[in-house]
Each structure stands twice: as structure tokens, then as C-alpha cells.
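Quick note on labels: first sequence line is chain A, next is B, and so on, each numbered from 1. Just so it is clear, the model here is predicted, and its values are computed rather than measured.
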Protein chains: 2
Amino acid sequence: MSAPTTPVRQASVRAHNLALVLHTVANSADHPSRAAIAAATGLTRATVSALVDDLIAGGLLTEIDPPPRTGAGRPAAGLALTSAGPAGLGLEINVDYLAACVVDLTGAVRQRFVEHDDQRPAGAARSLTALGALAARARLAAEADGLTVTGAALAVPGLVADGGLIRVAPNLGWQDVDAPALLRGVPELADLPVTVDNEANLAALGELRVTGGDPTFLYVSGEIGIGAGLVLDGDLYRGVRGWSGEIGHLTVFPDGRLCRCGANGCLEQYAGQEFLAGDEPLAARALGIALSAVVNLLDVPVIVLGGAYAPYFGRLRGGIEAELDRRVLTAGLAPVTLRAATLGADAAMRGAADTVIRAVRDDPASWLRRAG
Amino acid sequence: MSAPTTPVRQASVRAHNLALVLHTVANSADHPSRAAIAAATGLTRATVSALVDDLIAGGLLTEIDPPPRTGAGRPAAGLALTSAGPAGLGLEINVDYLAACVVDLTGAVRQRFVEHDDQRPAGAARSLTALGALAARARLAAEADGLTVTGAALAVPGLVADGGLIRVAPNLGWQDVDAPALLRGVPELADLPVTVDNEANLAALGELRVTGGDPTFLYVSGEIGIGAGLVLDGDLYRGVRGWSGEIGHLTVFPDGRLCRCGANGCLEQYAGQEFLAGDEPLAARALGIALSAVVNLLDVPVIVLGGAYAPYFGRLRGGIEAELDRRVLTAGLAPVTLRAATLGADAAMRGAADTVIRAVRDDPASWLRRAG
DNA sequence: GTCAAATAATTCAACCAATAAACAAATCCA
DNA sequence: TGGATTTGTTTATTGGTTGAATTATTTGAC
């Protein structure tokens, strides 16, 4: 019933309006004044002033000294997100690399460490220890730079259950790995809250931040496996158990090739990385069939091809669009936009860092309580 | 960014908490006291008292006279939703019948009119005029009974655009029909806000109310066409343009039978009502393939089979579950529950009425303003 | 160069809603 | 009959927004 379940008190009003002001600054193209924020949000100037004072005192906003000039009247003081303040640690573990980055409140990447190395022989414990070391370096460098890392998120190519337990990551050969526990074993990270999520989910969030445009889209990540991240109205849809987006195992040819999952005709067997290069037309057709299922089911107006698909985009596009045109019931009423991803291999790691930042942006009040 | 966009003031706090109290009463198995509501919501007894007073004054709650007895102490006054108060008018137009019902705040069906008649030769204008007459009778009967009909919702087997425009209803032979405008032509309905939605979407909401259990499920309605309503976390997911749930045109056999939509191998060509009776095993297989796509994509834990599927449930179940087991990647981690719908042919009409009631339940403050 | 107009931001009293604590009401149990 | 107990109401307090008045700082006109 979408039942409201928590009471609201005055403090919640303030928390909401703090987030509202912070979002207004974040989504603004220029550096808005307090008055501009008041006009944009519908709050009074008095209220905005009070809220901005809190946000400045808490180190989330700063006044930009040379304010943007206009006509007559007292000049406005421009406001901007601070680049010294809370930051998110984004981590990624994949078949052939480990990566860590720190992103500040403005979305800028402040630290970035990548270690190319085949992780399959290492095993979960060694991989995560190595990642922990990388993460520790990133964190220390960021904090030396005046940032406060408030949390970490880890992207993995696999199924993640509640609590960050990695149920299975087939291409790494992992099963039932408690990644947060292993990362907490690294002293420099022990105090950080760590979340774990599917690589495609986080990559979708990474794309969301940079595209800025459509808040509803499907991000398809073609690696050895094929995953997808579904962003509905600006929020990642993870599914009830967190297992949404397993587009690689959508059936495209019911009696087709046997997949390692045990079923026949999974998309992965036609458009996975290893099949992609040899036969783009078939891959495009299979992708087109699977993607039309998504559009018919969810009415998603935009599809972003990422991971290994991005470099093949030009060769895949025509074949995919042909299937979409034929198979999407509403294709005649409104077209489906097909785009290549823009972030490349960093998407998941940046999306991971972004989840941490997003938590601060969505609930600045709790950061302010913490900052004193 | 799921950006908050509206300011919050004290009045919003009250509006939220009014909805919170109303929901608590609605979702309660018994008739809770003010103190019980306070305990359940986290509000103080004083606040709950004040809110309840408003809700009683506005005619949404009533005190139940013989209160449920407990041990010691002053006896509690039980609270319940009123059965005299706001009500929703649910309308449905389908190939072979017109229907109208009125549902009160408690969810009880207070009026129900069904007119069996083939609508295909009539055309949109005549069908909607006839439905308007039926709706007018239902409304008058309900208001004679002390109810206030606050709005209407219409279920149609077709694609609906913003504003209630029916883009296409293939089985009725309709195209670009402005249903709200035609209904407003009926004098007894002219003042009612009317929304229009897809039949499967509203049937899903109808099932949601009666099942009460899982707030995330897919409702599949097998009629001549096959539609689906997707309920995510208690809310209907309509898609960006309102065209979600077109599961009938999911591709199950890419080179299979030609569908009237122009594509090959749509589910509808294997599991539509006219194909269903002859060959249940194939229908079950096709449904299983399509439904595993849904589960792989969305991690939906429950699927409800309605419409023409409900009577075939026993014969379809095994075949569908076999495909789900084989094709859903996470089938080994957690099973998918398959259920038959419980509401029968009334589901869409009741779901429609429920959307109206739901609006009052979710925002009682605006009803109170109106009620004075 | 001074003053009016304009715009930005702050101050302050008023209001509204929730809270906490005290109080009143109505029952049970000894 | 009286204490214990639970419900519901009353009252003072707190916190946050509003709106109007005030202060601050610039442009432009004379």
C-alpha cells in the first residue's frame, strides 16, 4: 500500500528542507544565491538563509567569492558544494583488475587507483585484502587532501544478498563471500560502513550522474557475463532480494545453445563478450530481442550500452534497433533511444562512490549532526 | 536523482501524520485504540488524539461503540474506517461487458452493476454513453446510501496515454478515444474527476488489496490479449509513458507465428485465450519463458495469474514452474511463487475504484479541507 | 556626488504542530 | 472501598516556517 510508516516531526521538516536546498544547489547549472534558491524551491528567503547557514557551518556548502553579477541591487553571494567535506570511497573488483576511487560532494574524482591483475587464481580473501590495501591508500590520500570519507561501496560482478554477502560471482569463481567482513579486516577501513552491490547496478548509477538527462533507463553491461542496472525515476531498482537486472539469462532462443546456468538460449550465449566479436549481427539480434522484452514490460524510453558493448556500439546499433522497431508494441507511438555509455570502465567504481555521496546529499541533516 | 522538489511546512507534517494514522487503522486487523495507534506509529498519545479528532470530524473514522475489552485500566475506544464517507467509482469497459461499482473507504463493494453485451459493434461513443448511464445509476444509488463519490477510474483493455486518452484498444477496435471527455458528457458524472488506466494495471491493484500479502508481484491477465500489471513495493509501476506491462508481445519464439502486431513469436500467439484451450502445454511453456524473463529482470517474487488464466491454473502451473526453474538464474536461491488470482472478472473494476479510495487514504488532509 | 530604486540577506514576532509531563476518566482486582 | 492500571486530555515547551520590517550593497539618474 506504499504505507507511510514513520511519524514526521519538526526535525523531519528541517531534514527535508536541508536536502531540498542542497539538491537545488547541486542540480543548478550556475552558483545560485539564497534568493534564487528561495524562488526555485518555494521556501521563503528567511528559511533558505537559515538552512544555508547550517549547510555552510556543516561544511557542505561554500560561498563563492566573486558572485555572478546581474543588474542593480545588492549583489548575490553564489553558493556551491564544497570540495572539502564528505566523500565516498568507490571500490570495484573484477576479473582482471581492482580499483578504488574517492569522489567528493561535487562528483569530482579526487583519487583513483587501478591495479590490473587477473583475480581468478587469487581467491576472495587475497583479492579483497589487495583491494583493501588499495582502498586504504585512496582514503589516506583523500583525507590528506581535506576530505572526510564517510563510507564505501563495492561493485562486484555477481549476485549480492542483503548485508553485502556475495552469493555467487561466477567469473571470479566466488561463492558466499562476506566482503564487508573481509574489508573490515584492513585497519584503515575498519570504521567505514561498506555496502556491496552488483557491478551493473552501480555502473548504471555512475551513468546517471554524468548523463544527467533521462532519469529512467536501462544500463546494459556486456562483460563476460551480461548484467543490467535498471534506473527508474532516478532511483536504482534492485528488486526485492537485490537480484534484478539478470538480463544475461533472458531467453532469446528457447531451444538454443546451452548456457552455463543450465538453461538453453540465454542472451549471454549470443551476446556475451566471447561471442560478440565473431558475429555482431547475431549478437545485435539477440540483444534486440532481449531489450524489446524490457521495453514491452517496463516502458523504458532509454537504453544505454556499456561495458564491452560501448566500443561495438556502431556495429550493434542498427541490428538492435531493427528488432526494437519490430518487437516493441509501442515503437510506433514513441521511439526507444539507444545510447553508448560515456564513462567506460570506471562507471561501476564511480557509481559506487556516488552511492555514498548520494546518502549525504539525500540526508544532509545526519551529516550535520555528526559534524557537530 | 529522486530529487526532492517541494518544500515542507508544518501543514505537510500534519498531512503526513493524518495519513499515517489513517493507514494504521486501515491496515490493522482489529479496531485499534488511540493508544494502540500511538504505540504502532511512534507518535505520542496526545498527537494521535488530535489527529483522530480531525479524522472523526471529517468523517473518515468512527469510534466503535463496544470497544474490544482487555485486562485492567480504562477501556479503549476502538476506531474504524467509516462506511459512510468518501467512495470511489470503478468502471470497466471490455469486449463483452460494461461494469460499474462503488467501493467505500473500507474497501467494501457497495454498488455493483454489470451489463453483458458485445461492445465491438457499438463503437466508442455508444459504449461510453452506455457506461455513463450505468455509472450514473451506481453513483446515485451510492449517494442515496450516504456515500460521497469523490472520483472515478476506468479500466480499458488498451494503451492509455497521459490525460486518459485511449491510444488504441485493439480488441474493441478503438483508436484515439478521449474517454474522460465522453464520460463528462453524462450530466450525473460531469463533476467527477475521471482517470483511465489499463485493465491489467487496475486488476493488479484489485488483487493487491485482497491479497494484502506481498507488496511486489506481477499480475498477468489472459484475455484475448495478454496484459500485465506490475506492482512494485505496493505501488503500480506504469512506466514513463504509461505503457508498461505489455507482456503479450514479449518474444518467446523469435521465428515463430506472426502476431497481429507485426512481430513473430509473441507470447500472445501461444498463450492468448484463443490458443490456450487447445494446447495447454505449449501455452504453459510460452508463459514460463516470458515469466522467467520478468523474474530475471526484476527479481519479482510472486506471480499472479488472472483473467482467463485463473480457471486454467491447475493445468498451466506445472509447465510454467518447470520453465521458471530452468530459466530463472536465482531459482536455486529463492523460489518464485505462482498463484491464481482470487477476484475473478471484477478485479479491474474494483482496482479502479480502489485508486480513488487510495487517493483519499494517502492524502486525507485534502479531503478534510473539502469536508470543512 | 548624492539620492532613489532595486535586489540580497537578516532579524523578529507570530503561528502551528509535535512533545513531555501532569491530570482526569474509567475500569479491574484485592 | 481503594489502589493499580490503562486510556485519553490538558497545558506548557520546543522547534521550525512564515511574513513583515530592517539592514546591506549595488546601479543608475540627476
Side-chain angles (χ1 to χ4, degrees), chain A residues 4 6-21 24-25 30-57 61-79 364-365 368-369, chain B residues 4 6-21 24-25 30-57 61-79 364-365 368-369:
Chain A
T6 40
V8 167
R9 47 202 96 244
Q10 285 100 319
S12 331
V13 172
R14 183 134 260 239
H16 176 101
N17 287 338
L18 282 167
L20 178 59
V21 168
T24 304
V25 176
D30 54 354
H31 300 300
S33 64
R34 292 165 174 81
I37 295 171
T41 57
L43 294 165
T44 61
R45 292 202 307 265
T47 304
V48 171
S49 273
L51 293 167
V52 164
D53 283 352
D54 275 12
L55 291 170
I56 290 177
L61 290 183
T62 38
E63 287 197 338
I64 294 290
D65 215 38
R69 283 314 199 65
T70 112
R74 170 174 169 174
L79 295 167
L368 297 186
R369 273 195 299 277
Chain B
T6 40
V8 167
R9 48 202 92 245
Q10 285 99 320
S12 330
V13 172
R14 184 132 258 241
H16 177 101
N17 286 337
L18 282 167
L20 178 60
V21 168
T24 305
V25 176
D30 54 353
H31 301 300
S33 65
R34 293 166 174 78
I37 295 170
T41 57
L43 295 164
T44 62
R45 293 201 310 267
T47 304
V48 170
S49 271
L51 294 167
V52 164
D53 284 352
D54 276 12
L55 291 170
I56 289 177
L61 290 182
T62 38
E63 286 197 338
I64 293 292
D65 215 36
R69 284 315 197 65
T70 112
R74 170 174 168 175
L79 295 167
L368 296 185
R369 272 194 300 278

Peer 1: So which atom in Thr41(A) and which in Pro7(B) form the shortest heavy-atom distance, rounded to 0.1 Å?
Peer 2: O-CD, 3.0 Å
Peer 1: Going by the rule salt bridge (charged side-chain N to carboxylate O under 4.0 Å, His left out), which residues pair with Arg9(A) if we only count those two or more places apart in sequence or in a different chain?
Peer 2: none
Peer 1: In whole Å, I'd like the distance from the CG atom of Asp53(A) to the C1' atom of dT17(D).
Peer 2: 15 Å
Peer 1: Expressed in angstrom and rounded to an integer, what is the separation of Ile56(B) atom CD1 from dT9(D) atom C1'?
Peer 2: 14 Å
Peer 1: Minimum heavy-atom separation for Ala36(A) to Pro32(A), with atom names?
Peer 2: CB-CB, 4.1 Å
Peer 1: From CD of Glu63(A) over to P of dT25(D), roughly how many Å is that when rounded to an integer?
Peer 2: 12 Å
Peer 1: Could you check how far CD1 of Ile64(A) sits from P of dA9(C), rounded to whole Å?
Peer 2: 13 Å
Peer 1: Distance check: side-chain N/O of Ser33(B) vs OP1/OP2 of dG8(D), anything under 4.0 Å?
Peer 2: yes
Peer 1: Run the side-chain contact (heavy atoms from CB on, under 4.5 Å) test against Val13(B) and tell me which residues pass, sequence neighbours left out.
Peer 2: Val8(A), Val13(A), Asn17(B)
Peer 1: Can you give one letter per nucleotide of nucleotides 16-24 of chain C, going 5' to 3': B for a protein heavy atom under 4.0 Å from the base, S for sugar-phosphate only, - for none?
Peer 2: BBSBB----
Peer 1: CG of Leu43(B) to OG1 of Thr6(A): how many Å apart, nearest 0.5 Å?
Peer 2: 9.5 Å
Peer 1: Side-chain atoms of residues 46-57 of chain A: list all donor-acceptor pairs with protein atoms under 3.5 Å, sequence neighbours left out, distances to 0.1 Å.
Peer 2:
| residue | atom | partner | partner atom | Å |
| --- | --- | --- | --- | --- |
| Thr47(A) | OG1 | Thr44(A) | OG1 | 2.9 |
| Ser49(A) | OG | Arg45(A) | O | 3.4 |
| Asp54(A) | OD2 | Arg14(A) | NH1 | 2.7 |

Peer 1: Enumerate all atom pairs, one protein N or O and one N or O from nucleotides 2-4 of chain D, separated by less than 3.5 Å.
Peer 2:
none

Peer 1: Regarding Ser49(A), tell me which of base, sugar-phosphate or nothing describes its non-hydrogen contacts under 4.0 Å with the strands shown.
Peer 2: base
Peer 1: Of all residues at least two apart in sequence or in a different chain, which pass the side-chain hydrogen bond (donor to acceptor under 3.5 Å, both in side chains) check with Glu63(A)?
Peer 2: Arg34(A)
Peer 1: Using atom CG of Asp54(A) as one end and atom C1' of dG15(D) as the other, report the distance to the nearest whole Å.
Peer 2: 12 Å
Peer 1: So, for Leu368(B) and Leu18(B), which heavy atoms are closest and what is the spacing to 0.1 Å?
Peer 2: CD1-CD1, 3.8 Å
